[in-house]
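On a predicted model such as this, the values are computed, not experimentally measured, just so you know. Just the heavy atoms: all of them, side chains too, but no hydrogens, waters or symmetry mates, feed the values below.
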Amino acid sequence: MFKLEPRAQPSKAMSMASPVLALAITVLIGVVLFVALGIDPLKGLGAFFVEPLKSAYALSELSVKAVPLVLIALGLAVCFRANVWNIGAEGQFVFGALAAGWVAMQAGPETGWAWLGRGVVGLILLAGVLGGMVWAGVVAWLRDRFNASEILVSLMLVYVAEQVLGYLVYGPWKDPNGYNFPQTISFDAVTKVPRLVDGLRLNVGALIALGAVLGLWAFLFRTYQGFALQVGGLAPAAARYAGFSSRRALWMALLISGGAAGLAGALEVAGPLGQLTPYVPAGYGFAAIIVAYVGRLHPVGIVFSALLMSMFYIGGELAQSRLGLPKALTGVFQGLLLFALLACDTLVHHRLRFVGAKS
């Protein structure tokens, strides 16, 4: 029989190569799946890894998917480095979208906010950030005040946020001229996030995400607060001895994470969607957990990981429309990547040793 034993000093090179190896394993298993489904593997892999990169339009759509994943994963990386397990970024994304959507609905040409002009976009994004922070703040308060598990609380609040969204779009915020569809009014053109290229959906959200990457890198690796937050996650006892506040780390991590998820929600409703519907929750908050870990909780790694995950989203849609494959294939590839990464990381930090059977 075989036994797992921890390695005395795991290889740093192998640790960095682990995500690449996990992707290779995912591709190999994908080939087997395509063959089992009677699909040409080259066509199947082309839908996932070639088509999303073939043209300016495809790259633009890739950015639309990648921006919310990057922002949410950056916030989650802060939490996970601080040993705070925020699993409810999807709820914070939804609540940020709700706050941003409310501001956008007030900004029509016949309201008192018309004087803001395009400046209302900044107000919409700020509302999204605050909405996400409020929802994450509930988690922080319950953990801080009652020592409630942030895993369970944040996860359950996802469903509360979705129910609030459903209530509003089916009720008070429902468009009276929307033919009874559960949706708000379409937001005025002045509230839309500016696009960077005419004819493409690439918008300033991409620049905001890149700015967030640089900002988080500087915060984590160049500031005292970032150092204190990470020490608290790696060695709580040492952090307490050094005088670092675990309570401050908890609040800081969750508020940063919630604000980032709320900003992603605001960019989504003020960008591609242009209104609130029950379909605002797209699973980005859960997919971003995989993005954060495949990216090694590092801001730069998260960018590449988010692009890969976006290719899975777009590839799944193309495989569904062109090859007749089920939509669930996107989730299959995401799950395969995560499990392959966990397996590779296990072998990076442990070795298999054969143990002979005892007589």
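The cluster map of Ile, Leu, Val, Met, Phe, Trp and Tyr, joined by side-chain heavy atoms under 4.5 Å apart, puts F333 and L342 in the same cluster. A continuous path of Ile, Leu, Val, Met, Phe, Trp and Tyr side chains, each step under 4.5 Å between heavy atoms, connects L76 with L341, placing both in one hydrophobic cluster. In the hydrophobic clustering of this structure, V169 groups with Y167; members are Ile, Leu, Val, Met, Phe, Trp, Tyr whose side-chain heavy atoms approach within less than 4.5 Å, directly or through other members. The same ILVMFWY cluster, assembled from side-chain heavy atoms under 4.5 Å apart, contains both I256 and V129. I208 and V303 end up in the same hydrophobic cluster when Ile, Leu, Val, Met, Phe, Trp and Tyr side chains are linked at under 4.5 Å.
Considering all non-hydrogen atoms of both residues, R143 and L250 come closest at CG-CD2, 3.6 Å. Closest approach of G205 to V67, counting heavy atoms only: O-CG1, 3.6 Å. Pairing each heavy atom of A253 with each of V84, the nearest pair is CB-CG2, 4.4 Å. Across all non-hydrogen atoms, the minimal contact from M309 to V291 is CB-CG2, 3.8 Å. Here the shortest heavy-atom pairing between V120 and A107 reads CG2-CB, 3.6 Å. The nearest pair of heavy atoms linking C79 to S257 is SG-CB, 3.5 Å.
Inter-residue side-chain proximity for D345 and R296 is flagged as met; some heavy-atom pair is nearer than 4.5 Å. The closest side-chain heavy-atom distance from M14 to V348 is below 4.5 Å. Side-chain contact between R118 and V190 is present, with heavy atoms from C-beta onward closer than 4.5 Å. The closest side-chain heavy-atom distance from V160 to W135 is below 4.5 Å. Residues M105 and I185 have side chains in contact (heavy-atom distance under 4.5 Å, counting atoms from C-beta outward). Side-chain contact check for V70 versus L210: every heavy-atom pair is 4.5 Å or farther apart. P194 places none of its side-chain heavy atoms less than 4.5 Å from the side chain of N203. When side chains are defined from C-beta on, V300 counts as touching F304, because their heavy atoms get closer than 4.5 Å.
Once rounded to the nearest 0.5 Å, the distance linking CG of L157 with CD1 of I87 reads 13.0 Å. To the nearest 0.5 Å, atoms CG (L200) and OG (S63) are separated by 8.5 Å. Atoms CG and CG, on L318 and L329 in that order, are 11.5 Å from each other to the nearest 0.5 Å. Distance check, rounded to the nearest 0.5 Å: CH2 of W217 to CG of L74 gives 14.0 Å. Between the CG atom in D175 and the OG atom in S186 there is a gap of 7.0 Å [rounded to 0.5 Å]. The structure places CG of L338 at 9.0 Å from CD1 of I289, a figure rounded to the nearest 0.5 Å.
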### Evaluation steps, side-chain contact (heavy atoms from CB on, under 4.5 Å), between L337 and L308
CA-CA 10 Å; L337 181 62; L308 175 63; 3.9 Å; yes
### Message
side-chain contact (heavy atoms from CB on, under 4.5 Å) for N86 and Q92? Distances and angles first, verdict last.
### Response
CA-CA 10 Å; N86 177 18; Q92 295 142 30; 3.1 Å; yes
### Query
Are Y159 and E162 close enough, and set up right, to give a side-chain contact (heavy atoms from CB on, under 4.5 Å), and what steps lead you there?
CA-CA 5 Å; Y159 305 105; E162 290 178 349; 3.8 Å; yes
### Task
Check step by step if side-chain contact (heavy atoms from CB on, under 4.5 Å) holds for Q334 and T330.
CA-CA 6 Å; Q334 291 176 354; T330 298; 3.7 Å; yes
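Remark: M156 CE is packed, more than 12 non-hydrogen atoms of other residues, nucleotides or ligands lying under 6.0 Å away. Within 6.0 Å of atom CZ in R248, 12 or fewer heavy atoms from other residues, nucleotides or ligands are found, so the atom counts as exposed in its surroundings.
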Pairs of donor and acceptor atoms involving the side chains of residues 55-62, under 3.5 Å and at least two apart or interchain, shall be tabulated with distances.
unit_1, atom_1, unit_2, atom_2, d
S55, OG, A58, N, 3.1
S60, OG, R201, N, 3.1
S60, OG, L202, N, 2.9
E61, OE1, R201, NE, 3.3
E61, OE1, R201, NH2, 2.5
E61, OE2, R201, NE, 3.0

What pairs of donor and acceptor atoms, side-chain ones from residues 259-284 against any protein atom, are under 3.5 angstrom apart with sequence neighbours left out?
unit_1, atom_1, unit_2, atom_2, d
Q275, NE2, T184, O, 2.9
T277, OG1, Y279, N, 3.1

Using a 3.5 Å cut-off and no angle test, enumerate the donor-acceptor pairs between side-chain atoms of residues 23-49 and protein atoms at least two apart in sequence or in another chain.
unit_1, atom_1, unit_2, atom_2, d
T26, OG1, A22, O, 2.8
D40, OD1, L42, N, 3.0

Under 3.5 Å, which donor-acceptor pairs link side chains of residues 219-231 to any protein atom two or more places apart or in another chain?
unit_1, atom_1, unit_2, atom_2, d
T223, OG1, F219, O, 2.4
T223, OG1, G226, N, 3.1
Q230, OE1, R81, NH1, 2.6
Q230, NE2, L220, O, 2.7
Q230, NE2, G226, O, 3.4

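Of the candidates K327, R322, K65, K65 is the only one forming a salt bridge (charged side-chain N to carboxylate O under 4.0 Å, His left out) with E317.
By the ring-ring contact (aromatic ring centres under 6.0 Å, His included) test, W85 is found to be paired with F80, residues two or more places apart in sequence or in another chain being considered.
With hydrogens and angles disregarded, a donor-acceptor distance shorter than 3.5 Å links the side chain of E90 to the backbone of G285. Checking side-chain atoms of S310 against main-chain N and O of A306 turns up a donor-acceptor pair under 3.5 Å.
As a member of the Ile/Leu/Val/Met/Phe/Trp/Tyr network built from side-chain separations under 4.5 Å, V134 groups with nothing else and remains a singleton.
Centroid-to-centroid, the aromatic rings of F146 and W141 come within less than 6.0 Å.
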